[in-house]
Structure formats: structure tokens, C-alpha cells
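The next block holds one structure in the form of C-alpha cells; read it before the comments.
Start at 1 and go down the list; that is how both ligands and their atoms are numbered.
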Amino acid sequence: MMQQDLDNLAEEILNGSKLTDNELRELLSITDKEELEKLYYVSRKVRDHFFENKVFLYSFVYFSTYCKNKCTFCYYRESNSINRYRLDINEVRNICRALKGENIHMVDLTMGEDPYFHEHPERFTDVVRMVKTELNLPIMISPGVLQNESLKELHDNGANFLALYQETHDRELYGKLRVGQSFEDRVNARSFAKSIGYCVEDGILTGVGNDIESTIKSLRGMENNRPDMVRVMTFVPQEGTPLGKKDPESSIEELKIIAILRLMFPDRLIPASLDLEGIPGMVHRLNAGANVVTSIIPSNSTLEGVVNYDRDLEERDRDPKSVIKSLKAMGMEPASQDDFNKILERKHEIPAVPL
Ligand code: SAM
Ligand code: MD0
Ligand code: SF4
């Protein structure tokens with residue numbers, strides 16, 4: 001794509017125009033460094049129009065790493081012999097207390113599809129209720145696929161946001177990643193959640209054998225869901241898993257897709273995950289158009305992430321204060337809680353720019 005075209009693009013997007021498949025193809029084909037920088041610049045311009053220099057911060061609580069599933073990309077797949085933990089409600093309460101007074105907009109409660117909770121969803125509801133009482137903050141749940149009635153119960157007890165990533169909307173690739181799991185059940189859980197008032201997050205992986213056409217399918221698939229938040233993460237090979245020996249991909253594809261997501265979903269939430277490359281990686285992702293920092297954990301935490309770039313590091317530099325210090329160095333800052341709450345409320349509105 002010519003520089004001139006990229007210059008006009010921000011303007012066109014802000015005027016409501018949509019990227020065509022051919023434009024997506026062209027953008028996904030960019031490899032030239034200067035052109036990529038230009039794309040990130042355009043994406044920042046669109047983001048800043050809606051969010052100025054304000055960023056949202058989510059803390060991450062991976063409270064059970066047990067899982068009954070066999071996703072080929074995931075360290076926590078059932079048959080991987082690793083050390084696992086399941087926090088009890090008091091341990092989660094202590095984490096909440098450590099988060100008190102920190103500049104966090106939402107708490108993300110994540111687990112594997114742990115039968116302990118999946119067969120007794122009321123146990124999870126107890127945790128959600130407790131977190132709400134302790135912190136009175138919006139709550140994201142990332143529990144995998146739950147029954148509709150459990151989603152309803154959790155929503156009634158304080159869950160605001162459902163994160164459930166399709167990983168890909170290319171069915172053939174899905175079958176290789178989420179082995180033995182229904183594609184429709186995942187799509188339907190998100191749309192049911194949305195229908196009863198949740199905000200929803202969808203996400204895709206890159207570096208898992210997705211070519212440009214497959215990525216376009218995924219981008220269009222995410223659009224169909226009308227998500228409030230959209231993510232892309234680079235697949236990081238994990239020891240002991242079927243895809244563990246795959247060559248790791250650089251983060252360039254992810255950055256490119258983040259920028260494209262910003263052009264497709266101009267006013268939605270797009271995360272820069274600390275779980276992949278820590279704070280230096282966060283900076284790159286924000287510079288590509290992200291506006292949320294996820295996977296924040298207290299400085300002394302022994303909790304796991306899903307990718308855990310810092311599994312073997314002594315210092316886990318992804319606490320709220322370190323994040324905010326780096327944001328400020330970039331000329332950005334945490335948004336107010338009010339700004340975040342407004343986003344949670346807008347789910348019932350028809351967007352000014354139809355998505
Ligand atoms: N078990 C729930 C589920 O799968 O929906 C919740 C956990 S979910 C937040 C874990 C997410 O982390 C996956 O959906 C995937 O997008 C991401 N992930 C897992 N393993 C990964 C890996 N090796 N590299 C990159 N992302 C990974
Ligand atoms: C992250 N480790 O943001 C978290 C996780 C789940 N809702 C989020 C993938 O990187
Ligand atoms: Fe389990 Fe989620 Fe990992 Fe799949 S991605 S194996 S469902 S924890």
C-alpha cells in the first residue's frame with residue numbers, strides 16, 4: 001500500500017469507512033519496515049481520536065491451572081505433566097487485598113476448564129461474589145465454555161465481561177488447535193453472554209500456521225460477534241505440547257494485526273498483553289494501536305500466566321507501578337475508572353460508527 005493511501009486511511013476510517021478484503025490482504029502483506037511504522041502511526045491516530053493518551057489496566061488472576069481440554073498450543077492441556085494449582089477462595093481474597101488501591105480498572109479471573117469449577121459452577125460464583133465485595137471493580141471471567149445458566153448466574157453475581165477466544169475463525173485450523181472442542185459452542189457462549197448484558201472479548205492466535213487468507217477469515221469472524229474487545233497473541237511454543245517444537249514467530253505479525261484490528265474496530269478495547277514479552281513488548285503493542293494493558297500481577301506474585309515469558313526469570317516486572325511508570329515515559333497514562341465504566345455501559349448502545 002502506498003504511503004499516500006495510508007495517510008488518507010485514518011481519515012477514512014474515522015469517517016466510518018470499512019476495510020475491504022483486498023485492503024486487508026494488502027495490509028497483511030506489508031513487510032517493509034517503513035510501511036509498517038506508517039501503519040502503526042495511522043492506527044495510533046485512530047486510537048487517540050477515541051481514547052487520547054489514556055490506557056486501561058487489567059489485573060490477571062489465573063486461579064486454577066487444571067484443565068480437562070487438549071488444546072495443542074497450551075501448556076496447561078490436560079495431558080501435560082506439570083505442576084498445577086487451584087487457589088481456594090481465601091487465597092484469591094488475599095490477592096484482591098494486595099490489589100487494593102492499585103490503579104486497576106478490571107480484574108480478570110481466569111482458569112483452565114477445571115472440572116472442580118465446571119461441574120460445580122456455584123463454586124466459581126462464590127469467588128466472583130467475593131471479588132466484587134472485596135474490590136468493587138468490574139470483573140472479567142475467562143473460564144472457557146460454560147453453560148448458559150452458569151453465565152447468567154455469574155452475571156447476576158457481578159461478572160461484567162466474558163473473555164472467550166476462538167483462536168481462529170478458520171474451522172479447519174480450529175480443529176487442529178482446539179482439538180475435540182465444538183466451534184459453535186464457543187461462538188454461541190459469546191453471543192449468549194452478549195445477549196444478557198456481558199461485554200465480550202474474542203481473540204485469535206498468530207504463528208499457528210495461519211496464512212493471510214486464514215487471518216482474514218478470523219478477522220471477519222471476530223467482526224460478526226460484535227465484540228467489545230478483540231485480541232491477537234503470538235503463539236509461543238510450550239514444552240511438552242504437540243506444537244512445542246514449532247519455531248517461535250517474531251512479534252511483527254502480531255503488531256501488524258493489532259494495527260489492523262484498530263482500523264477494523266476503531267473504538268473497541270485492544271490489549272497489549274504483558275504475558276508475551278513483558279513491559280518492552282507492551283510498549284511495542286501500545287505503539288501499534290492497543291489501548292489496554294493485560295496480565296498485570298502484583299510484584300511478589302507466584303501466579304502463572306498463559307504464556308509466561310517470565311517463567312524462569314527472577315524478577316517479574318509486571319506489577320501496576322512498573323506498568324504505569326513505563327506508560328508515563330511514553331506520554332500515556334491510566335484512564336479514570338469512570339471512563340472504563342462508560343465503556344462497560346455502552347454495550348447497549350448502537351455505535352455511532354456501525355461496526
Ligand atoms: N481455559 C480458558 C480458555 O481456554 O478459554 C481460559 C484460558 S484462556 C485465557 C487461555 C488463552 O491463552 C487461549 O485462549 C489462548 O488464546 C492463549 N494461549 C494459550 N496458550 C498460548 C500459547 N502457547 N501462546 C500464545 N497464546 C496462548
Ligand atoms: C493475557 N494472560 O492477557 C492473559 C490472558 C485471559 N483473559 C487473558 C490470556 O495475556
Ligand atoms: Fe485448557 Fe484453556 Fe489451555 Fe485450552 S487454552 S488447554 S481450554 S487452559
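- Listed by chain and residue number, the protein contacts of ligand 2 are F60, D108, T110, M140, S142, A163, Y165, R231, M233, S273, D275, T294, S295, V306 (heavy atom within 4.0 angstrom).
- In this structure, R190 does not pair ionically with E201, as no charged nitrogen and carboxylate oxygen lie closer than 4.0 Å.
- The N/O atoms of E167, backbone and side chain alike, include one that comes under 3.5 Å of an N/O atom in ligand 1.
- Among all non-hydrogen protein atoms, the one lying nearest atom 11 (C) of ligand 1 is Y165 CD1, 3.9 Å.
- Residues R220 and D21 are paired through a salt bridge, judged by an N-O separation under 4.0 Å between the basic side chain and the carboxylate.
- When the heavy atoms of E113, R186, Q238 are ranked by distance to atom 5 (O) of ligand 1, first place goes to R186.
- Shortest contact from atom 24 (N) of ligand 1 to any protein heavy atom: V236 N, 3.0 Å.
- Counting heavy atoms under 4.0 Å from ligand 1, residue F73 touches it through both backbone and side chain.
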Could you tabulate the donor-acceptor pairs under 3.5 Å formed by side-chain atoms of residues 82-93, not counting sequence neighbours?
{"from": "R84", "atom 1": "NH1", "to": "T65", "atom 2": "O", "distance (Å)": "2.9"}
{"from": "R84", "atom 1": "NH1", "to": "Y76", "atom 2": "O", "distance (Å)": "2.8"}
{"from": "R84", "atom 1": "NH2", "to": "R77", "atom 2": "O", "distance (Å)": "2.8"}
{"from": "R84", "atom 1": "NH2", "to": "E78", "atom 2": "O", "distance (Å)": "3.3"}
{"from": "R84", "atom 1": "NH2", "to": "N80", "atom 2": "O", "distance (Å)": "2.9"}
{"from": "Y85", "atom 1": "OH", "to": "Y62", "atom 2": "O", "distance (Å)": "2.7"}
{"from": "Y85", "atom 1": "OH", "to": "E304", "atom 2": "N", "distance (Å)": "2.9"}
{"from": "R86", "atom 1": "NE", "to": "D114", "atom 2": "OD2", "distance (Å)": "2.7"}
{"from": "R86", "atom 1": "NH2", "to": "D114", "atom 2": "OD1", "distance (Å)": "3.2"}
{"from": "R86", "atom 1": "NH2", "to": "D114", "atom 2": "OD2", "distance (Å)": "3.4"}
{"from": "D88", "atom 1": "OD1", "to": "N90", "atom 2": "N", "distance (Å)": "3.0"}
{"from": "D88", "atom 1": "OD1", "to": "E91", "atom 2": "N", "distance (Å)": "2.9"}
{"from": "N90", "atom 1": "OD1", "to": "R93", "atom 2": "NH1", "distance (Å)": "2.5"}
{"from": "E91", "atom 1": "OE1", "to": "D88", "atom 2": "N", "distance (Å)": "2.7"}

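- When heavy-atom distances to ligand 1 are checked against a 4.0 Å cut-off, M140 has no atom that comes that close, whether in backbone or side chain.
- For F340 and F56, the ring centers are positioned less than 6.0 Å apart.
- Using a 4.0 Å cut-off between a side-chain N of Lys or Arg and a carboxylate O of Asp or Glu, E254 and R285 qualify as a salt bridge.
- Among protein heavy atoms, the minimum distance from atom 25 (C) of ligand 1 is reached at T234 O, 3.3 Å.
- In terms of protein heavy atoms, atom 4 (O) of ligand 1 is closest to R178 NH2, 2.8 Å.
- Residue contacts with ligand 1 include S142, since one or more of its heavy atoms lies under 4.0 Å from the ligand.
- Taking a cutoff of 4.0 Å between a charged side-chain nitrogen and a carboxylate oxygen, K54 and E333 qualify as a salt bridge.
- N157 and K152 are not linked by any side-chain donor-acceptor pair at a separation below 3.5 angstrom, with hydrogens and angles left out of the test.
- Contact annotation: for K68 versus ligand 1, there are no heavy atoms closer than 4.0 Å.
- Counting heavy-atom neighbours within 6.0 Å of Q147 CD, excluding the residue itself, gives a total of 12 or less.
- Around atom 4 (Fe) of ligand 3, the protein atoms of type N, O or S that sit closer than 2.8 Å are C71 SG.
- Counted by atom type alone, H169 and D202 present one or more donor-acceptor pairs between their side chains at under 3.5 Å.
- Of all atoms in ligand 1, numbered sequentially from 1 with element shown, those under 4.0 Å from a heavy atom of M233 are 12 (O), 17 (C), 26 (N).
- The nearest protein atom to atom 26 (N) of ligand 1, hydrogens excluded, is given as L205 CD2, 3.4 Å; this is a heavy-atom distance.
- Not a single heavy atom of G203 sits closer than 4.0 Å to an atom of ligand 1.
- Using a 4.0 Å cut-off between charged nitrogen and carboxylate oxygen, R171 and E184 count as a salt-bridge pair.
- Looking only at atom types and distance, the side chain of S251 has no donor-acceptor partner in the side chain of T234 under 3.5 Å away.
- Between atom 7 (C) of ligand 1 and the options L109, L164, T110, the minimum heavy-atom separation is to T110.
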Check: residues 120-128 side-chain donor-acceptor pairs under 3.5 Å, at least two apart:
{"from": "H120", "atom 1": "ND1", "to": "E122", "atom 2": "OE2", "distance (Å)": "3.4"}
{"from": "R123", "atom 1": "NH1", "to": "Y116", "atom 2": "O", "distance (Å)": "2.9"}
{"from": "T125", "atom 1": "OG1", "to": "P121", "atom 2": "O", "distance (Å)": "3.1"}
{"from": "D126", "atom 1": "OD1", "to": "R129", "atom 2": "NH1", "distance (Å)": "3.3"}

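- In terms of protein heavy atoms, atom 10 (C) of ligand 1 is closest to V306 CG1, 3.8 Å.
- Less than 4.0 angstrom separates some heavy atom of G144 from each of these atoms of ligand 1: 2 (C), 3 (C), 5 (O).
- Contacts between M111 and ligand 1 below 4.0 angstrom, taking non-hydrogen atoms only, involve the backbone exclusively.
- With salt bridges taken as basic N to acidic carboxylate O contacts below 4.0 Å, none links R47 and D267.
- In summary, R25 and E213 engage in a salt bridge, as defined by a charged side-chain N under 4.0 Å from a carboxylate O.
- In terms of modelled atom types and a separation under 3.5 Å, the side chain of H118 and the main chain of P143 share a donor-acceptor contact.
- Salt-bridge check for E253 with K256: passed, with a basic side-chain N closer than 4.0 Å to an acidic carboxylate O.
- From the protein, the heavy atom lying nearest to atom 27 (C) of ligand 1 is V307 CG2, 3.9 Å.
- Under 3.5 Å, the side chains of R268 and N291 contain no donor-acceptor pair of N or O atoms.
- Looking at D108 and T110, their side chains do bring a donor and an acceptor atom within 3.5 Å of each other.
- Under a 4.0 Å N-O distance rule, the pair K18/E23 does not qualify as a salt bridge.
- Considering both main-chain and side-chain atoms, F235 never comes within under 3.5 Å of ligand 1 through any nitrogen or oxygen pair.
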